[in-house]
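Have a look at the structure below, then the notes.
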Amino acid sequence: MLLKRQYITMLKLFNTNRLITPVLNKCNHSTAAKSVTAVKINGTEFISDEYTNVTPKIMSYLGKNLHLRKDNPLSMVRQRIVQYFYKSFTHRGNPTFSVYDNLSPIVTTKQNFDDLLIPADHPSRAKADCYYINKDTLFRAHMTAHQSELLRSGLNNFLMIGDVYRRDEIDSTHFPVFHQVDAVRSQRRDELFPNHPDLDIFEPTFYKQKPHLFTNTILDPTKQSCYTLEATKLMEVQLKNHLIGLVQALFGKDIKYRWVDAYFPFTHPSWELEIYYENDWLEVLGCGIVRNEILLNSGLNDTIAYAFGLGLERLAMALYKIPDIRLMWSEDSGFLSQFHNKDLNAKITYKPVSVFPQCVNDISFWLPDNFTIDTFMSNDFYDLVRDIGGDIIEQVKLKDKFVHPKTKKHSLCFSIVYRHLERTLTQAEVNQIHKAIETAIVTAFNVTIR
Ligand code: FA5
Ligand code: MG
């Protein structure tokens with residue numbers, strides 16, 4: 001989220017408040033009528049100002065939570081990452097890391113920037129790069145926005161997963177909303193060096209003053225001035241090993257990767273991990289040793305920590321060969337069904353769905369008296385549907401089942417998704433095929449269409 005490009009052009013496109021749904025117009029009674037507009041989000045009202053640039057379209061992504069949706073590839077990658085951390089770190093049989101995947105994406109500038117030592121004039125704060133609700137409130141631009149508050153609440157090892165919002169270019173790998181997994185792992189001296197009472201995490205000079213009076217510097221590229229080189233190096237090795245372990249768990253042992261030196265205001269030293277994918281290097285995450293000032297401000301004066309933040313979209317696109325980031329938002333069953341009920345570790349290669357629109361017709365029927373929902377042979381039904389509909393049947397899914405309270409008759413409802421791969425189907429021709437299926441199942445299974 002550093003060194004943002006392009007923010008001047010974006011500013012020209014979106015610099016007005018009129019994109020906001022006005023929910024309130026107050027008049028200033030004294031002089032010329034001044035209108036104050038507010039933005040209402042999830043029931044909370046925010047007074048807008050010259051910073052406000054969030055659009056109704058962007059607001060419409062709030063609460064979509066793709067990372068928690070069952071059939072979404074982002075959710076599958078999320079679960080694999082969480083599993084990796086649960087498996088790799090346990091303490092007396094319990095997972096060491098706790099997971100926060102439901103934190104509100106509306107944060108203060110303090111959370112998103114100040115708490116992370118991001119300077120007041122840093123380009124990542126630009127109105128052109130972020131979606132501001134007003135000058136103090138924005139849609140989080142990275143999951144690191146929650147790092148300080150979770151540290152303050154006493155957590156040592158945690159994952160923060162959610163949607164983040166950035167004004168960025170629009171192409172196959174960029175979308176204004178994407179998803180990140182962020183993490184912090186912190187350790188005290190006895191945890192980092194359990195067998196070396198002679199080693200310390202802090203330089204002797206750090207102890208000479210009160211911790212908050214110590215001036216921590218990042219002039220040395222290898223470490224922060226407060227930490228020893230041994231502690232910093234050991235944390236670096238652990239951090240890198242854990243992250244390489246993660247990409248190998250996702251992509252297999254043969255994945256080609258490289259580390260690139262990086263800069264983030266909240267870590268030092270910092271790195272980015274790139275993987276070799278489709279003949280090019282792809283940046284998948286940023287990481288580093290957390291700046292000690294952040295830990296001190298959160299009440300921790302005996303700790304060294306590492307942190308990282310990765311993008312779920314990039315990993316999912318590479319893992320499943322999904323060519324366009326917008327597909328993550330697809331509600332199309334032709335897309336979602338490719339990830340439906342799949343084993344988390346199954347090798348899935350995305351097959352492009354037809355670009356022609358689908359038609360969905362439901363079919364409901366009462367089963368004959370001698371049948372129940374459990375004894376009805378759904379697979380026979382699917383075959384019959386395919387026999388009649390042919391290749392234009394994209395999916396048949398059970399939508400509803402019902403037992404009549406009085407007659408005890410059982411009823412089923414299926415949605416049939418029709419799509420032609422080469423042309424747009426008309427509703428009329430779909431209705432005709434659908435009717436033919438109804439007629440056929442009445443004969444074949446003795447059911448009664450509802
Ligand atoms: C950050 O957001 C830092 N907060 C990461 C971090 C956390 C560093 C903790 C150190 C410690 P960055 O802007 O590089 O950094 O984004 C992190 C990852 O999010 C990237 O590596 C990439 O995988 C993903 N990402 C960034 N921008 C986009 C985008 N526009 N579309 C899709 N994925 C993106
Ligand atoms: Mg980056």
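Proximity of a side-chain donor or acceptor of Gln180 to a complementary backbone N or O of Gly309 within less than 3.5 Å is not detected. A distance-only check finds no donor-acceptor pair linking the side chain of Thr303 to the backbone of Arg188 [under 3.5 Å]. Remark: side-chain polar atoms of Ser75 are paired, donor with acceptor, to backbone N or O of Arg69 under 3.5 angstrom. Between the side chain of Glu274 and the main chain of Val284, no donor-acceptor pair closer than 3.5 Å is present. The main-chain N or O of Ile58 is found under 3.5 Å from a side-chain atom of Thr55 such that the two form a donor-acceptor pair. Between the Ser330 side chain and the Asp332 main chain, a donor and an acceptor come within less than 3.5 Å of each other. Using modelled atom types, no side-chain atom of Asn301 and backbone atom of Leu296 make a donor-acceptor pair closer than 3.5 Å. The main-chain N or O of Asp163 is found under 3.5 Å from a side-chain atom of Arg140 such that the two form a donor-acceptor pair.
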Trace of the salt bridge (charged side-chain N to carboxylate O under 4.0 Å, His left out) decision for Asp71 with Lys342:
CA-CA 9 Å; Asp71 294 345; Lys342 291 284 176 352; over 6 Å; no

Given the rule in the side-chain hydrogen bond (donor to acceptor under 3.5 Å, both in side chains) test, do Thr222 and Asp220 qualify, once you have shown the distances and angles that lead to the verdict?
CA-CA 5 Å; Thr222 61; Asp220 178 346; 2.8 Å; yes

Would Val360 and Ile416 count as a side chain to side chain contact (heavy atoms under 4.5 Å, CB included) here? Give the steps.
CA-CA 6 Å; Val360 183; Ile416 304 180; over 6 Å; no

After noting the C-alpha distance and the side-chain angles of Tyr131 and Asn53, does the key distance pass the side-chain hydrogen bond (donor to acceptor under 3.5 Å, both in side chains) rule?
CA-CA 6 Å; Tyr131 288 104; Asn53 64 359; over 6 Å; no

Applying side chain to side chain contact (heavy atoms under 4.5 Å, CB included), run through Gln147 and Leu116 and close with a yes or a no.
CA-CA 8 Å; Gln147 187 183 93; Leu116 295 167; 3.8 Å; yes

Test ring pair (Phe, Tyr, Trp, His ring centres under 6.0 Å) on Tyr277 and Phe251; report intermediate values, then the result.
CA-CA 10 Å; Tyr277 168 71; Phe251 292 93; 7.6 Å; no

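The number of heavy atoms from other shown groups lying within 6.0 Å of NZ (Lys70) is above 12. Counting heavy-atom neighbours within 6.0 Å of Tyr84 OH, excluding the residue itself, gives a total above 12. Lys240 NZ: more than 12 foreign heavy atoms inside a 6.0 Å radius.
The minimum heavy-atom distance linking Gln358 with Ser333 is given by the pair NE2-OG, 3.5 Å. The heavy-atom pair separating Thr228 from Asp200 by the smallest distance is OG1-O, 2.8 Å. Looking at every heavy atom in both residues, Arg189 comes nearest to Leu199 through NH1-O, 2.9 Å. Minimum heavy-atom separation, Asn72 to Met328: ND2-O, 2.8 Å. Here the shortest heavy-atom pairing between Ala307 and Leu239 reads O-CD1, 4.4 Å. Counting all heavy atoms, side chain and backbone alike, Ser337 lies closest to Gln395 at CB-NE2, 3.6 Å.
The aromatic rings of His242 and Tyr306 lie tilted to each other, with the angle between the two planes from 30° to 60°. Using cut-offs of 30° and 60° for the angle between ring planes, the Tyr207 and Phe202 rings count as perpendicular. Using bins of under 30°, 30° to 60° and over 60° for the plane-to-plane angle, the ring pair Tyr51/Tyr132 lands in the perpendicular bin. Taking the six-membered ring where tryptophan is involved, the planes of Phe89 and Phe85 are essentially parallel, since the angle between them stays under 30° and well short of 60°.
Relative to the ring axis of Trp329, Lys64 does not place its NZ or CZ within 45° and under 6.0 Å from the centre.
Two residues are said to be in side-chain contact when any heavy atoms from C-beta on lie closer than 4.5 Å; Leu138 and Thr109 meet this criterion. Using a 4.5 Å cut-off on side-chain heavy atoms (C-beta onward), Leu273 and Tyr257 make contact. Between Leu412 and Ile363, the closest side-chain pair of non-hydrogen atoms is not below 4.5 Å. You'll find the side chain of Lys347 stays beyond 4.5 Å of the side chain of Leu319, heavy atoms only. A heavy-atom distance below 4.5 Å is found between the side chains of Tyr350 and Pro323.
A side-chain donor from one of Asn216 and Ser225 sits under 3.5 Å from a side-chain acceptor of the other. Inspection of the Asn361 and Tyr418 side chains reveals no N or O donor paired with an N or O acceptor under 3.5 Å. If you check the side chains of Asp182 and Thr144, you find a donor sitting under 3.5 Å from an acceptor. At a cut-off of 3.5 Å, with distance as the only test, a side-chain donor of Glu313 or His179 sits close to an acceptor on the other residue.
If you take NZ on Lys399 and OG on Ser415, they are separated by 4.5 Å, rounding to the nearest 0.5 Å. To the nearest 0.5 Å, the span separating CG on Leu219 from NE2 on His268 amounts to 8.0 Å. Between the CD1 atom in Ile289 and the CD atom in Gln224 there is a gap of 7.5 Å [rounded to 0.5 Å]. Between the CD atom in Gln111 and the OG1 atom in Thr137 there is a gap of 9.5 Å [rounded to 0.5 Å]. In this structure, Asn112 CG and Ser124 OG are separated by 7.5 Å, a value rounded to the nearest 0.5 Å. The OH atom of Tyr61 sits 9.5 Å away from the OH atom of Tyr165 when rounded to the nearest 0.5 Å.
Under a 4.0 Å N-O distance rule, the pair Arg166/Asp129 does not qualify as a salt bridge. With respect to Arg185 and Glu191, no salt bridge is recorded, no charged nitrogen being found less than 4.0 Å from a carboxylate O. Salt bridge annotation for Arg125-Asp114: present, with a cationic side-chain nitrogen under 4.0 angstrom from a carboxylate oxygen. Between Lys110 and Asp115, at least one side-chain N (NZ, or NE/NH1/NH2) sits under 4.0 Å from a carboxylate O, which counts as a salt bridge. A salt bridge does not link Glu149 to Arg152: none of the charged nitrogens lies less than 4.0 Å from a carboxylate oxygen. Note on Arg258 versus Glu272: no salt bridge recorded, every NZ/NE/NH1/NH2 to OD/OE distance being 4.0 Å or above.
Aromatic pair Phe214/Phe206: ring centres closer than 6.0 Å. Remark: aromatic rings of Phe266 and His142 are close, center separation under 6.0 Å. Residues Phe381 and Phe414 place their aromatic rings such that the two centres sit under 6.0 Å apart.
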